[in-house]
Amino acid sequence: MHRSKEQPLDRSITSSPQPSSPYPSPSASGSAGSSDFLQLNVADASPGGRSDWLARELRRAIADGRLPVGSRLPATRTLAADLRVSRGVVTEAYQRLTEDGQLAGRGRGGTVVVAAPVTVTAPDTSTTATRPTTARTPLYASAPASAPIPPHPFTAPPGPEIFDELRAAPARIDLSPGVPDLAAFPRAAWLRAERAVLADLPAAGMGYGDPRGTPALRQAVAHWLARNRGIRVDPDEVLIVAGTSQALGLIAQVLHRDGDPAIAVEDPGSLGVRQHLQYWQVATPPIPVDDDGLCVDALRASGARAVLLTPAHQFPTGVVLGGPRRRELMHWASADGLIVEDDYDAEHRYDRAPVPALRSLLPDQVCYVGSVSKLLAPALRVGWLLAPSRYRTALADAKRFADLGNSALPQLVLARLMESGELERRLRLLRRRHRRRRDAMIAAIDAHLPGATVHGAAAGLHLTITFDRADTAPSDTDLAAAALARGVKVHPLSWHRQRPGRPGLVLGYAARTPGDITEGIALLGKARTDWT
């Protein structure tokens, strides 16, 4: 007899009945399409969105305590029979919450709630209070439209701690940019590679190593860049760093010591990047970006000797540095200029051909920076830096005295994944998934944010939308605050500007399901309506 493939998260299903199950059989569940479990009624779901609906109901039940940590969900076959839906609808909903870390499969123990939303202490606003309030609010709760907006990260200009504050802010749907699909981290492949590395690693491999990185990863990065970015580089020229942020810090230190106290940056451009450079006492003069990318004439007029840019997919506008601009930029760099190329998500493209890296065209004038933060996970803290020969020794010294080099074991595991082809396979899977999520966001913007202009849809992990000045809240920070009050996190575009410009929002889609994205944009549309 043919046996259907089971999903690993729900191994409680067997061919024999479960007499001890607390959930009723389909014949006892009442009317068709409903279940006593959470009083679910599939009639509340749209025909094409039943998994979205079920996942949403389960999240709400976990958030409000109806499904506390440790409670067991019905087997997928049982709940599907109750609701008169295909088993795949229930399996997909369970899988989404498993990826979010709220459910886990426990073999014959079934699918269990393992994490509830974090709670935060509500601030005591009384002027006569002498001790903190004990009232608590669930993380996923959203304020009604009429409620006053509580203190939030948008009340003042963003400081160094702004991203920590935003990450800690309660929200049900996080559409912050710069976050990959963390639930898709290849845990099984990573564990297999780690076991293989540990089996082969000699005792000496656990000691201090080359601060520039392990030879295995430097070679793997060289091969990866040759295959995927057209960059030919000797492994000896690769410096392994703790992500792009450390690479920028090392570059800033070296240039500052060499008497270059400024690195020009794109405007709009990443607030986080700007903050890292400024921490190292490097000025960041803004250079405007238009539909063809960085305006090289403005760069030339600034007098800066170094510039940082994202030519393959500009953050946050998404434009690609055009051919004529590339030639202008290379001409500028040939007169002793330095280009810092942040190739932060060049692999994530959907509707356009790959764009060659500037490093492949002008290696002696380009510091190239890349990482696996957008491909695997930021928590790995692994990136790479390719520098012109005149800076190589100084950057290696700066890395040595910063931390003696990255942890060796993750480097060796990553090298094995790169050389085995696992990373390319993952990239192909992610492109398909991200395309669906991007399309869902564009459709939702069309439906719920009429008049918004979408930028940067052909590649990357985020979209930027802009509004006419008279067609939005008093500021995009006000609109972001109103969205947060409804349980949705976004970045105001003004955070990423140094000069005045059109208001807008920067919206990440890689880390959320299409259903979450649609709901989040709908709530954002309601927040915008409240303001206009």
Side-chain angles (χ1 to χ4, degrees), residues 4-15 17-68 71-106 110-117 138 140-142 172-173 183 433 436-437 439-441 443-444 447-448 487-488 512-523 526:
S4 62
K5 185 177 179 181
E6 296 284 350
Q7 294 292 329
L9 64 93
D10 189 1
R11 296 192 179 92
S12 63
I13 308 300
T14 63
S15 57
Q18 299 288 322
S20 61
S21 172
Y23 306 107
S25 65
S27 61
S29 63
S31 61
S34 63
S35 172
D36 288 340
F37 176 67
L38 300 180
Q39 304 299 297
L40 295 172
N41 188 338
V42 77
D44 296 335
S46 60
R50 288 173 172 173
S51 291
D52 291 343
W53 162 77
L54 180 56
R56 188 162 57 247
E57 292 300 316
L58 292 173
R59 288 193 183 96
R60 288 174 178 165
I62 295 172
D64 63 24
R66 286 176 291 155
L67 286 177
S71 57
R72 189 175 69 157
L73 273 62
T76 54
R77 181 180 290 125
T78 300
L79 187 55
D82 281 358
L83 297 176
R84 302 294 191 264
V85 298
S86 72
R87 190 180 177 194
V89 168
V90 181
T91 300
E92 171 68 15
Y94 283 16
Q95 183 64 36
R96 292 182 186 180
L97 272 73
T98 300
E99 291 174 352
D100 289 345
Q102 293 181 268
L103 301 182
R106 294 290 169 82
T111 301
V112 178
V113 178
V114 294
Y140 290 158
S142 59
R172 187 163 56 85
I173 300 175
R433 180 178 296 180
R436 291 193 296 270
R437 296 178 178 186
D439 292 347
M441 180 170 278
H448 301 289
V488 182
R512 308 305 306 187
T513 65
D516 287 342
I517 290 168
T518 300
E519 183 182 0
I521 298 298
L523 290 170
K526 293 178 181 177

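Keep in mind that what you see is a predicted model, and the values were worked out from it rather than measured.
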Spacing of CZ belonging to F37 relative to CG belonging to D82, to within rounding of 0.5 Å: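 Here the rounded value is 10.0 Å.
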
Restricting to side chain to side chain contact (heavy atoms under 4.5 Å, CB included), what partner residues turn up for [X], sequence neighbours left out?
| X | answer |
| --- | --- |
| A522 | H448 |
| D439 | R435 |
| E519 | R56, R60, R172, I173, L523 |
| R433 | D181, A184, L429, R436, R437 |

Any donor-acceptor N/O pair, T98 side chain to Y94 backbone, under 3.5 Å: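 Answer holds: yes.
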
Set of side-chain hydrogen bond (donor to acceptor under 3.5 Å, both in side chains) partners for R50, sequence neighbours left out: none

Partner set under side-chain hydrogen bond (donor to acceptor under 3.5 Å, both in side chains) for S51, not counting sequence neighbours: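 In terms of side-chain hydrogen bond (donor to acceptor under 3.5 Å, both in side chains), with neighbours along the sequence ignored, S51 is linked to no residue.
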
Taking every non-hydrogen atom, the tightest pair across G65 and P68: O-CD, 3.6 Å

SB check D516 R59 (cutoff 4.0 Å): yes

Sequence-distant partners of E92, salt bridge (Lys or Arg N to Asp or Glu O under 4.0 Å), two or more places apart: R96

Salt bridge (Lys or Arg N to Asp or Glu O under 4.0 Å) partners for R66, two or more places apart: D64

Stepwise side chain to side chain contact (heavy atoms under 4.5 Å, CB included) test for V112 and L73: CA-CA 6 Å; V112 178; L73 273 62; over 6 Å; no

